[in-house]
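Chain letters run A, B, ... following the sequence lines, proteins first, then strands; residues in each count from 1.
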Amino acid sequence: MLLSIRSLSKEFPGTKALQGVDFDLAAGEVHALLGENGAGKSTLIKCLTGAYRRDAGEILLDGQAIDPASTAEAQALGIGTVYQEVNLLPNLTVAQNLTFGREPRRFGMVNRRAQSARAREMLAQYGIDIDVERDLGAYSVAIRQIVAIARAVEFSGKVLILDEPTASLDAAEVKMLFSIVRKLREQGLGIIFVSHFLDQVFELTDRITVLRNGRKIVTERTRDINRLRLISYMLGRELEEAARDQRTATKSIGQKPMLRFEGLGCKGVIEPFDLEVGKGEVIGLAGLLGSGRTETAELIFGVRGASSGAAQDDKGRIAHANPREAIAAGFGFTPEDRKVDGIVAELSVRENIILALQARRGWAAPLSRAEQERLADHYIGLLDIRTSSAEKPVGELSGGNQQKVVLARWLAMNPRFLILDEPTRGIDVGAHAEILRLIQEITKEGMAVLLISSELDELVAACDRVIVVRDRRHVAELDGDRITSEAIVHAIAQPGAASQFEAA
Amino acid sequence: VGFSQIGSESGWRAAETTLTRQQAEERGYTLQFSDAQQRQENQIAAIRSFVAQGVDAILLAPVVATGWDAVLQEAKEAEIPVVLLDRQVDSSDDLYLTAVGSDLVHEGKVAGEWLASEVGDNNCRVVELQGTTGSSPAIDRAKGFRDGIAGKANIEIVRSQTGDFTRTLGKSVMESFLQAESGGKDICALYAHNDDMAIGAIQAIKEAGLKPGQDIKIVSIDAVPDIFQAMAAGEANATVELTPNMAGPAFDALEAFWKDGTEPSKFIQTESKLYTQADDPSGEYERRKDLGY
Amino acid sequence: MGQTLKRIAPQLVTLTLVVALVTVIFPNFLAVSFDGTRFVGPAVDVLKRSAPVALLGVGMTLVIATRGIDLSVGTIMAISGAVAAWAITSGMGLPASVALAIGAGLMAGLWNGCLVAIVGIQPIVATLILMTSGRGIAQLITEGRILTFSDANLAFIGSGSLLGVPFPTVLWIATAVIVALLMRRTALGMLIEATGINRAASALAGVNATVLLIAVYMASGFCASLAGIVATADIRGADANNAGLWLELDAILAVVIGGNSLLGGRFSIAGTMIGALIIQTINTGIMLSGFPSEYNLVIKAVLVLVILVLQSPNLAADWLFVKSLVKARRAKVRSETP
Amino acid sequence: MSLNPRLYPLLATIGIFLVGYLISYLQFPAMLSTRVVGNLLTDNAYLGIVAVGMTIVILSGGIDLSVGSVIAFSGVFIAVMLRETSLHPLAVFALLLIITTAFGAAMGWLIHFLAMPAFIVTLAGMFLARGVAYMMTIDSVAISHPFYSMLTSAYWLMPGKGRLTLIGVLMLISVLIGAIIAHRTRFGASVFAIGGGEQTARLMGVNVGRTTVLIYAFSGLMAGLSGIVFSIYTGSGYPLATVGTELTAIAAVVIGGTILTGGAGYVIGTLFGVLTMGLIQTYIVFDGTLSSWWTKIVIGLLLLVFILLQKGLLRLTAFGEAGS
Ligand SMILES: Nc1ncnc2c1ncn2[C@@H]1O[C@H](COP(=O)(O)OP(=O)(O)OP(=O)(O)O)[C@@H](O)[C@H]1O
Ligand SMILES: Nc1ncnc2c1ncn2[C@@H]1O[C@H](COP(=O)(O)OP(=O)(O)OP(=O)(O)O)[C@@H](O)[C@H]1O
Ligand SMILES: [Mg+2]
Ligand SMILES: [Mg+2]
């Protein structure tokens with residue numbers, strides 16, 4: 001075995017994140033590490049690379065016991081890692097990020113020219129040609145993700161670890177990543193691959209290890225396992241998959257729409273668009289990365305100032321120039337980047353859930369503690385948020401559970417129009433189905449939803465109507481039976497749709 | 001004329017600035033004023049700017065005694081006469097025209113001698129409120145006072161602590177002195193390095209139920225208006241004057257120098273006059289209260 | 001209540017240790033007597049002399065909770081003190097003078113708040129501007145001299161006593177209690193914490209972060225103006241040059257010794273108040289000890305360092321780590337001996 | 001090929017300095033003499049050097065409040081050592097730099113290994129350094145070593161009687177070295193990385209502990225060097241010197257376009273920040289009509305104006321960029 005982990009344990013205050021986990025990685029295999037949100041995947045990886053001190057257990061690399069005390073040591077041992085939600089350092093240039101720790105030097109000084117050349121070379125493999133001397137922060141999430149992958153590949157002499165690398169990539173980029181991973185596998189590397197996209201797991205990996213609640217459940221060859229069994233390993237129960245034809249058209253034709261946005265736009269950000277939102281309707285927003293979906297949402301919610309346009313409901317014009325006004329108008333918004341714009345990390349789950357509600361009531365009218373606890377418990381149960389207590393700081397939850405907390409915050413507000421920007425990114429299969437079911441449920445009571453997603457299946461399953469965004473313009477609208485993956489792909493892939501690699 | 005002032009840390013300093021401005025105006029000079037905010041580096045920079053600007057003379061109230069050689073040399077090379085105000089420097093005396101000021105050690109000595117004659121042969125435990133640690137008035141006034149009481153075994157300085165020349169610290173340090181010396185019963189006199197601290201201390205003594213000026217004798221330095229009020233009320237006993245009018249003698253010396261090149265003596269000492277309750281404190285207060293203290 | 005106690009336990013222990021240390025050096029430190037109208041004794045002095053730092057600390061705690069810092073509080077003290085003295089000497093009477101002084105503090109806070117929340121200047125620089133120029137404004141009011149007044153009512157705020165307790169003590173404790181209650185009985189505390197931890201996310205959740213930030217700086221200005229009035233009333237004069245000089249550093253120190261993080265978020269006013277007491281105990285202890293003045297700073301620095309090291313979160317974590325190691329070894333031994 | 005946007009703050013700083021200088025010149029033509037230029041460098045040499053160290057610290061997201069006290073300590077240390085021993089000044093310099101570097105390293109160590117905020121640790125360091133200076137002497141001590149007279153009078157006379165002094169040149173060299181360290185070494189990259197996000201930096205393989213210690217050691221070294229320069233400048237050691245210099249240095253760094261939260265900035269920008277502060281001082285002296293209090297008010301306001309101009313300029317360029 002290239003890498004062996006024996007009875008690894010790790011405990012956080014209040015949480016046994018890992019309990020006696022064994023894991024083997026052979027040279028020349030891609031090994032999937034699967035499990036629900038909070039199962040312990042990221043923790044296992046961080047213990048492996050020295051980012052966390054493990055409490056017990058041993059790690060063998062090439063039969064030698066290793067004990068990396070820092071990620072630098074792990075890198076030196078030939079373990080390259082893409083961490084979940086760590087998109088390198090936005091304030092360094094792309095070239096600096098790529099070569100960090102291995103800068104080409106001359107006379108002890110960093111050789112800028114060689115550094116840039118090296119960086120361009122590394123990115124060329126991924127078909128990317130960008131100005132590597134700009135700050136990484138100037139580029140889209142997708143580019144950052146690819147840079148992180150390129151860097152990890154560069155550092156992986158023996159082992160490459162990818163913790164949800166595909167969460168913000170679209171199909172073309174995923175394909176490119178897979179071809180590189182396969183090449184590395186042929187070169188004899190061992191690759192650990194974490195993902196919630198089971199299709200990708202089946203497509204790419206050789207073996208699968210499933211974790212649940214910090215314990216290893218099973219390791220099997222990918223081709224010996226089927227989807228349903230895999231899911232039941234992960235969840236510990238069967239999953240009723242959301243049937244996609246369950247969605248009945250709730251939009252009653254002819255009825256006046258609940259909300260109307262006319263000519264909403266912002267110069268240089270998104271072209272003016274019209275949008276009608278019916279009661280209980282689910283509207284999908286499809287497009288490539290950087291096409292302008294998030295901007296559409298931000299404009300509606302008042303995060304960005306609109307340079308033109310107006311919004312109306314049946315009572316007349318509504319103001320939504322900033323989030324507070326938008327909230328007052330009954331809008332809600334779960335942002336795409338939950339870490340930066342969503343959670344308040346050091347506040348508890350309870351406080352995060354009631355935050356928006358409390359903000360709307362104003363500081364002078366506090367929710368009673370009992371009421372807060374009731375709300376928190378209700379949504380922890382409803383969304384199956386995995387936390388040891390409602391008082392745990394949200395920052396200590398696993399990524400997917402953090403997402404659920406943000407969702408709970410807005411459900412507690414009971415808005416009439418909820419905007420969900422990539423609500424299922426990084427969420428496990430179980431919760432994924434749960435969230436789709438939830439969308440169905442809330443819209444039955446009349447709430448309208450704008451769903452931004454890169455997963456076409458999800459859009460097809462959940463939406464009454466899908467709007468396709470391309471090059472910062474709303475270019476097409478599909479509804480009813482015309483909502484199919486093929487139709488969406490077709491609308492996205494019109495000529496000239498390849499601008500996603502440009503810096504903002 | 002360029003004037004590099006230390007700062008505006010006290011009323012006395014403000015009065016000096018006001019009087020210098022007045023004097024300049026009366027004599028028809030244009031005063032280039034620069035406040036150094038207590039920093040020597042700012043003063044050096046200011047003098048060099050004066051030189052660059054080509055002023056006719058420079059008045060300098062140095063924040064500290066050392067470290068002026070280079071910049072004074074520069075002024076000398078530019079043939080600009082420099083007059084030191086109020087404090088001395090330890091540079092060679094051919095680098096400046098003259099120094100106007102009082103002798104800080106002498107002030108302390110006057111205060112000490114007053115106390116020595118006041119208590120006669122009675123035992124006296126003295127507490128001392130020092131100026132800002134490290135500042136030359138604090139060092140010299142401490143030294144002068146000790147000179148003044150030298151040889152009097154009956155006078156003993158039992159506690160000294162810095163009050164930073166401020167009223168607030170004067171008061172709070174005095175409070176702890178009182179606590180430490182059995183509620184103040186063991187203290188016979190207070191020597192404060194400036195009047196402001198003395199005024200703060202007087203309040204502390206009053207609040208502790210003692211009578212300042214009687215139970216505890218109070219002697220301080222500067223002769224600012226407020227201390228005369230206290231003296232008039234019998235709450236302070238003596239103060240040693242440090243006149244803020246340093247510019248007058250300085251301009252006199254400059255004028256003589258410009259007229260016929262008269263080299264003034266290197267040190268023009270202002271008077272360190274002692275005022276006690278017998279010297280018409282209310283009158284002195286009225287005389288001073290509008291001088292910008 | 002129990003939670004608060006648990007939260008500030010390390011600070012209480014530290015305070016006890018510092019008091020014990022001072023008592024060893026100056027045995028009468030804890031002696032309190034009643035002189036007919038009021039309590040006297042070094043410990044009472046500490047309670048009284050903590051007033052400025054404690055008052056500043058209340059506001060500073062809130063500002064720091066929003067991930068800011070307010071370097072201008074010492075200067076605001078000087079401004080408010082100057083305004084109060086100027087108003088009372090021009091015959092305005094106590095209520096008007098105090099109101100004007102507090103108004104000046106609020107205005108200063110508003111200025112800071114706008115620079116931080118609206119213009120978007122980093123707090124340390126924004127407040128540095130007022131720290132520098134504000135003292136000039138204070139001196140402009142007093143014309144550089146000490147503005148002495150003789151109004152007994154105003155003086156009472158600085159040196160009077162209520163039921164034998166020094167009035168400044170009553171004032172800072174009351175302010176701390178009222179502000180703490182305001183924070184915890186309403187949602188303000190949580191909203192401030194949320195803004196401090198993640199302003200962007202809070203704003204998206206509908207928290208009016210801009211107004212909240214301005215309000216917090218105004219609260220700091222308000223507390224600083226109270227401190228300024230106390231300081232002025234104490235010496236019956238406004239010393240624009242020296243009032244509150246470098247006191248912002250003591251206030252920040254009090255906040256940190258009180259166990260609050262400089263990175264914003266969770267805060268405890270009770271902790272800061274104990275921090276202020278610790279600092280004042282050290283200051284008074286130094287004065288009582290009779291060491292020469294030139295040792296003051298070193299003694300203070302060493303004590304502060306020791307306190308910080310003892311309260312360091314990592315040290316606590318290390319202890320836990322050592323404990324868990326011991327536990328693990330024991331468990332291992334147990335499992336190996338069947 | 002457009003300009004790299006990360007350069008904008010730097011260009012804004014330089015531009016504002018030049019405009020400020022132009023305005024001063026129009027009002028006081030004497031401002032354009034080599035004398036004033038030489039003075040600007042000499043008078044701000046100690047500040048420039050210490051600000052270089054401060055820049056590195058701030059780039060890493062930290063802060064060092066101890067530097068003003070360390071400068072004072074250095075002066076006192078040199079003066080007392082030269083008075084009490086027969087060591088050559090160069091030996092004393094070496095000794096001093098070792099002490100201040102170790103002092104900085106010790107603070108860095110406390111900051112990292114005890115997870116204490118830099119603000120507080122260096123605040124305690126500030127008390128300590130000045131306290132130790134007091135304990136060595138409370139008096140100001142003149143330095144009268146012949147070697148010192150040589151250092152003080154070491155300058156090159158520029159045309160127009162301006163003096164380019166040794167210490168001015170030393171500052172420029174420090175800025176250069178600081179710039180190389182910050183922008184051209186692995187250590188510098190680590191500094192930016194920590195400033196960008198300590199957790200991420202750690203995951204990327206930065207040895208955060210070692211880097212933090214080195215950062216504060218470097219700041220201590222620069223503070224010591226600045227102390228030497230200051231002692232040459234004033235020819236003495238004085239425990240009350242340079243009170244509040246840390247705040248001036250921070251302001252200079254910020255005006256220089258470095259962001260206080262860390263991770264972005266240029267050492268060269270700091271040089272212009274320092275010169276801008278010097279320009280404000282010079283302007284006020286040249287004006288010479290301001291009273292003590294108006295001096296304070298005007299310094300604060302000018303500071304504000306510079307910061308606002310910078311912000312405005314940046315916003316304009318950002319807008320232009322977005323619009324294009
Ligand atoms: N720093 C931390 N402090 C406390 N608890 C933590 C910390 N990091 C993780 N945990 C807890 O450890 C458990 C495992 O988390 P981990 O991040 O490994 O999950 P995961 O399998 O990667 O989930 P996801 O799919 O959502 O990324 C969770 O219950 C989480 O709350
Ligand atoms: N505030 C901002 N400043 C600079 N660039 C930005 C900003 N917001 C977004 N961008 C950039 O604009 C482009 C649009 O990205 P964005 O993610 O908003 O589009 P999208 O269509 O919502 O795609 P997705 O949601 O799938 O990522 C990206 O390159 C992003 O990096
Ligand atoms: Mg994870
Ligand atoms: Mg998006």
Practice problem: Give, for atom OG of C:Ser72 and atom CD1 of C:Ile124, the distance between the pair rounded to the nearest 0.5 Å. | Solution: 12.0 Å
Quiz prompt | Contact winner vs chain C - A:Val303, A:Val344, A:Ile327, heavy-atom pairs under 4.5 Å | solution = A:Val344
Quiz item: So which part of C:Leu188 gets closer than 4.5 Å to some heavy atom of chain A, the side chain, the backbone, both or neither?
Solution: both
Quiz item: Heavy-atom distance under 4.5 Å between the side chains of C:Leu62 and C:Val179, does that happen here?
Solution: yes
Exercise. For this output row, return yes or no: ring centroids of A:Phe331 and A:Phe301 closer than 6.0 angstrom.
Key: no
Practice problem: Check whether any side-chain heavy atom of C:Ile214 sits under 4.5 Å from a side-chain heavy atom of C:Asn112, and report yes or no. | Solution: no
Quiz item: Measuring heavy-atom distances to chain C, does A:Leu355 have an atom under 4.5 Å in its side chain, in its backbone, in both, or in neither?
Solution: both
Quiz prompt | Residue part contacting chain C, namely of A:Ile343, when any heavy atom lies under 4.5 Å | solution = backbone
Quiz prompt | Side chain to side chain, A:Val449 and A:Ile442, heavy atoms closer than 4.5 Å | solution = yes
Quiz prompt | Shortest non-hydrogen contact from C:Ala187 toward A:Pro366 | solution = N-CB, 3.8 Å
Practice problem: Report yes if the side chains of C:Leu213 and C:Ile118 come closer than 4.5 Å at any heavy-atom pair, otherwise no. | Solution: no
Quiz item: So, do C:Thr175 and C:Leu55 sit near enough that their side-chain heavy atoms are less than 4.5 Å apart?
Solution: yes
Quiz prompt | Least distance between heavy atoms, C:Val116 atom then C:Ala126 atom | solution = CG2-CB, 3.8 Å
Scan the chain C/chain A interface and emit each donor-acceptor pair under 3.5 angstrom with its distance.
from: C:Ala187; atom 1: N; to: A:Trp363; atom 2: O; distance (Å): 3.0
from: C:Asn198; atom 1: ND2; to: A:Val340; atom 2: O; distance (Å): 3.0
from: C:Asn198; atom 1: ND2; to: A:Ile343; atom 2: O; distance (Å): 2.9
from: C:Gly206; atom 1: O; to: A:Arg324; atom 2: NH1; distance (Å): 2.8
from: C:Arg266; atom 1: NH1; to: A:Glu351; atom 2: OE1; distance (Å): 3.4
from: C:Arg266; atom 1: NH1; to: A:Glu351; atom 2: OE2; distance (Å): 3.3
from: C:Arg266; atom 1: NH2; to: A:Glu351; atom 2: OE1; distance (Å): 2.6

Quiz prompt | Contact leader toward chain A among C:Leu182, C:Leu204, C:Leu191, where contacts are heavy-atom pairs under 4.5 Å | solution = C:Leu204
Quiz item: With side chains defined as the heavy atoms from C-beta onward, is the minimum distance between C:Thr272 and C:Met60 less than 4.5 Å?
Solution: no
Self-check item: chain C contact via A:Val340 - which portion, at a heavy-atom distance below 4.5 Å
Solution: backbone
Practice problem: Check each atom of C:Leu212 against the heavy atoms of chain A and say whether the ones under 4.5 Å are side chain, backbone, both or neither. | Solution: neither
Exercise. Identify which part of C:Ala203 has an atom lying under 4.5 Å from any heavy atom of chain A, answering side chain, backbone, both or neither.
Key: backbone
